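Please read all numbers here as calculations on a predicted model, not as lab measurements. Heavy atoms only: backbone and side chains are in, while hydrogens, waters and symmetry mates are out. Proteins come first, then strands; the chains are lettered A, B, ... in the order of their sequence lines, and each starts at number 1.
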2 protein chains.
Amino acid sequence: MVTSRDVARVAGVAQSTVSYVLSGKRPTSEETRKKVEAAIGQLTYHPNAGARALASRRTRVIGLVIPFIRDLHMNSIMEFISVIATTARSHDYDILLVTEDEGADGIRRVVGQQICDGLILMQVEGEDARVPVVRDLKVPVVLIGIPQDPAGLVCIDADFEMAGRLCVHELSAAGHTRIAVLGWPAEVVKRPINYVNRFLAGVTRAARDCRVGLLELPGGTDRASVARSVRQGVDQTGPVPAFIAPDSGAQELVQQALFSQGLTPGVDVSVIGSTLAVVAERQLVPLTTIDLKPAAVSARAVEILCGLLEAAEYDVNEVLELIPPAIERRASVVGT
Amino acid sequence: MVTSRDVARVAGVAQSTVSYVLSGKRPTSEETRKKVEAAIGQLTYHPNAGARALASRRTRVIGLVIPFIRDLHMNSIMEFISVIATTARSHDYDILLVTEDEGADGIRRVVGQQICDGLILMQVEGEDARVPVVRDLKVPVVLIGIPQDPAGLVCIDADFEMAGRLCVHELSAAGHTRIAVLGWPAEVVKRPINYVNRFLAGVTRAARDCRVGLLELPGGTDRASVARSVRQGVDQTGPVPAFIAPDSGAQELVQQALFSQGLTPGVDVSVIGSTLAVVAERQLVPLTTIDLKPAAVSARAVEILCGLLEAAEYDVNEVLELIPPAIERRASVVGT
DNA sequence: GCCGATCATCGATACGTATCGACCACGCCG
DNA sequence: CGGCGTGGTCGATACGTATCGATGATCGGC
């Protein structure tokens with residue numbers, strides 16, 4: 001194994017000089033720097049992470065607490081993870097996975113053992129068991145998602161309220177005056193997942209502003225219940241029905257239900273959904289969606305955490321940052 | 001910060017004794033052990049990972065090299081990652097993510113810096129740029145997937161050859177004598193992804209054994225090309241057509257194409273696919289599938305790697321282990 | 001031509017754990 | 001009863017890096 005002492009010997013300097021060349025925490029002559037860099041290249045030296053962590057009390061590792069696998073949202077989860085890992089690397093941090101099935105102990109463990117310098121929590125819900133644990137942790141933590149009580153926490157999420165407004169404005173602009181909102185399945189609504197309420201609040205507010213009528217319908221994951229809600233929506237929203245169906249798991253089912261009623265999105269019915277672009281484009285009719293910008297949210301979470309980590313003292317200022325979504329117009333909305 | 005020295009002081013023993021109680025590498029009296037454990041609990045001591053790694057030259061971390069996001073296989077990727085992380089934890093290892101966009105350097109970096117003790121490579125393809133890099137690494141590496149030349153490597157994968165045979169046997173047993181095989185999209189076939197060839201080899205061999213005719217058709221990711229191949233298959237495989245459609249990305253498209261031809265899987269056409277159970281059950285007709293057991297494959301990869309890590313000397317015996325898949329009968333196969 | 005200041009470098013030490021050799025107190029066997 | 005092995009513990013040291021204080025060299029100002 002090659003150590004900084006070996007590098008120092010080859011370069012003809014002291015070990016501490018090698019360290020200063022690498023960190024730049026003290027001025028170094030051009031000449032010395034070149035000799036050291038040459039030696040590093042020649043020996044293919046890699047600083048030992050354990051020793052570095054021990055001496056500097058920094059690991060340059062971020063713990064990422066990933067949620068259980070519960071449904072088929074998993075493709076978007078993978079996008080989150082991937083972007084987080086890449087962004088972290090661009091700040092010279094690595095990502096350590098912390099699975100939620102270890103529960104609170106897992107979080108306490110990685111922080112206690114000082115395996116990582118900070119944490120990112122994915123998919124934080126309204127009442128999240130992890131929140132009380134991280135609240136009085138002595139390392140910086142960034143939450144993706146907004147818990148019921150975000151006091152003193154650093155949170156980031158998509159702006160679901162704005163997403164709701166965008167949907168209504170788009171349909172209103174297309175001439176619709178009565179809109180059916182196909183909610184989330186009951187098991188999602190029951191756990192207080194904040195974003196559901198925020199989305200609906202945005203929808204409601206925009207509906208009032210635009211003088212548009214709303215019809216809230218229950219969502220579901222199975223064909224039958226989606227079909228039932230769709231039928232109800234078609235009956236009650238006028239000659240050219242309009243749907244907002246934000247649950248990314250139900251996109252196919254909604255379109256199938258409409259087709260079996262003899263309706264074609266973009267022709268005699270309007271639909272706005274929310275899912276990844278690749279999924280939206282694969283639908284029978286390419287779906288107009290709200291892009292919640294998961295990549296931007298995850299990248300920003302990493303940026304914020306890295307900022308806190310570099311700051312000499314992480315004064316835990318409360319942060320609540322919302323990333324504005326954008327509408328992606330495809331072919332599923334029709335003007336009336 | 002609480003150190004083992006603090007624990008020792010509280011327990012009234014030497015620091016080394018604390019270490020031995022924790023590792024069990026030397027015998028300890030019942031009494032001492034209790035005192036130490038009490039002190040650990042009282043102080044909530046967590047051994048410092050960096051110091052541990054430095055002294056023991058082991059990090060108890062496994063590097064997981066995850067592939068690019070290229071298609072919508074991502075839900076299965078997430079399943080892999082999740083199972084790998086959980087299984088690793090059950091062996092007291094943590095998982096560090098290594099994204100492939102760092103390329104070969106990323107692998108060399110984590111090994112060089114001794115951030116991890118070993119590696120798992122996901123989604124290894126026939127000609128994989130990572131394989132030459134890991135081949136002469138001095139740490140144990142387990143590949144998920146089989147490269148073109150697996151000599152000297154430790155590989156594990158689903159038994160795609162057997163999967164192919166299972167498909168043919170099932171359809172043959174149902175009375176089909178001519179079977180259409182809907183392949184993978186051209187871009188998948190072009191990169192030599194071994195499992196494609198292995199699957200087709202299994203299909204071919206079983207077809208010969210069962211005296212069944214085969215019709216190989218091009219796959220695709222878009223509606224049009226899938227529809228074209230399906231139409232061709234329907235025309236050329238007899239009164240009750242039979243399809244094998246292993247590409248998990250095309251399951252919906254195949255069913256939709258059949259429906260639009262007026263055919264219902266399980267009634268007047270047979271289809272066998274391969275995808276996650278949750279996806280199979282969501283189809284219009286619940287799909288009979290080959291379960292490639294991704295969870296078993298990933299768990300086994302971790303087990304093997306942990307075995308190599310615990311072994312005093314990792315003599316790099318070549319390993320090639322295939323996990324047998326299973327058929328999951330649902331409703332998409334009809335007897336003739 | 002001498003003195004303080006600045007720059008570049010060196011030597012020494014600390015970080016917290018694992019592990020080796022040494023040590024003591026037993027008990028067992030001859 | 002003496003010596004030998006063994007179970008249980010301690011003290012000391014090594015692991016590789018970061019960082020502090022000290023040292024020597026160089027330079028400008030008077």
Side-chain angles (χ1 to χ4, degrees), chain A residues 1-37 39-40 43-61 92 109-115 117 310 312, chain B residues 1-37 39-40 43-61 92 109-117 309-310 312:
Chain A
M1 171 185 199
V2 183
T3 72
S4 61
R5 190 163 272 115
D6 299 327
V7 174
R9 194 176 310 123
V10 170
V13 299
Q15 179 268 328
S16 55
T17 303
V18 175
S19 180
Y20 285 122
V21 167
L22 255 53
S23 70
K25 293 196 177 174
R26 280 198 188 173
T28 308
S29 75
E30 182 72 11
E31 188 196 346
T32 304
R33 194 174 326 134
K34 275 187 186 156
K35 282 193 297 184
V36 169
E37 278 163 4
I40 287 178
L43 300 175
T44 65
Y45 165 71
H46 292 274
N48 179 287
R52 195 180 262 239
L54 181 57
S56 69
R57 314 179 134 286
R58 298 260 164 156
T59 63
R60 301 210 72 87
V61 169
D92 201 27
R109 182 179 62 82
V110 293
V111 172
Q113 296 189 158
Q114 308 196 41
I115 297 184
D117 298 334
E310 302 304 334
Chain B
M1 171 183 201
V2 182
T3 71
S4 61
R5 190 162 273 113
D6 299 326
V7 173
R9 193 176 312 120
V10 170
V13 299
Q15 179 268 329
S16 54
T17 302
V18 175
S19 181
Y20 284 123
V21 167
L22 255 53
S23 70
K25 292 196 178 177
R26 280 198 187 173
T28 308
S29 74
E30 182 72 12
E31 188 196 348
T32 303
R33 194 174 326 135
K34 274 187 187 155
K35 282 194 296 185
V36 170
E37 279 162 4
I40 287 178
L43 300 175
T44 64
Y45 164 71
H46 291 276
N48 179 287
R52 195 182 263 239
L54 181 57
S56 69
R57 313 180 136 284
R58 298 259 164 157
T59 62
R60 302 209 72 86
V61 170
D92 202 25
R109 182 179 61 83
V110 293
V111 172
Q113 296 190 157
Q114 307 196 43
I115 297 184
C116 57
D117 298 334
L309 289 173
E310 302 305 333

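Nearest-nucleotide positions on DNA chain D place M1(A) closer to the 5' end than the other of R26(A) and M1(A). In terms of position on DNA chain D, the residue among L22(A) and S29(B) whose nearest nucleotide sits closer to the 5' end is S29(B).
Here V18(B) lies out of heavy-atom contact (under 4.0 Å) with every strand. Residue-level contact check: S19(B) touches the bases, meaning some heavy atom is under 4.0 Å from a base atom. Counting any heavy atom pair closer than 4.0 Å across all strands shown, S56(B) reaches sugar-phosphate atoms only and no base atom.
For the pair M1(B)/Q114(A), a side-chain contact is recorded, criterion being any heavy-atom separation below 4.5 Å from C-beta on. Contact of the N48(A) side chain with the T3(A) side chain is not registered, since no non-hydrogen atoms from C-beta on lie closer than 4.5 Å.
Checking side-chain atoms of S56(B) against main-chain N and O of L54(B) turns up no donor-acceptor pair under 3.5 Å. Of the possible polar contacts, one joining the D117(B) side chain to the T59(B) backbone as a donor-acceptor pair under 3.5 Å is found. S23(B) contributes a side-chain N or O that, together with a main-chain N or O of S19(B), makes up a donor-acceptor pair within less than 3.5 Å. Counting only distance, with no hydrogens or angles, the side chain of T32(B) and the backbone of E30(B) share no donor-acceptor pair below 3.5 Å.
Put simply, OH on Y20(B) is 11 Å from C1' on dA12(D), counting in whole angstrom units. Taking atom CZ on R58(A) and atom P on dA14(C), their separation rounds to 22 Å, with Å as the unit. Between the C1' atom of dT17(D) and the CD atom of Q113(B) lies a distance of 13 Å, rounded to the nearest Å. Remark: P of dT17(D) and CZ of R60(A) are 16 Å apart, rounded to the nearest angstrom. In this entry the distance linking NZ of K34(B) with P of dT9(D) reads 13 Å, nearest Å. Rounded to whole Å, the distance from CZ on R9(B) to C1' on dC10(D) is 16 Å. Rounded to an integer number of Å, the gap from CZ of R52(A) to C1' of dT17(D) is 8 Å. The distance between atom CD of Q15(B) and atom C1' of dT19(C), rounded to the nearest whole Å, is 10 Å.
For A51(B), taking side-chain heavy atoms from C-beta onward, the closest of the listed nucleotides dG8(D), dG16(D), dT17(C) is dT17(C). Distance from the side chain of A55(B) is smallest to dA18(C) among dA18(C), dT9(D), dC20(C). For T3(B), the listed nucleotide lying nearest its side chain is dT17(C); candidates were dT17(D), dT17(C), dC10(C). Distances were taken from every side-chain heavy atom of T17(B) (C-beta onward) to each of dT9(D), dA18(D), dA18(C); the shortest belongs to dT9(D). Distances from the side chain of L54(B) to the nucleotides dG16(C), dG11(D), dG11(C) place dG16(C) closest.
Side-chain N/O atoms of R57(A) include one lying less than 4.0 angstrom from OP1 or OP2 on dG16(C). A close approach under 4.0 Å does not occur between any side-chain nitrogen or oxygen of K25(A) and OP1 or OP2 of dA18(D). In this structure, S16(B) does not reach the dC10(D) phosphate: none of its side-chain N or O atoms is under 4.0 Å from OP1 or OP2.
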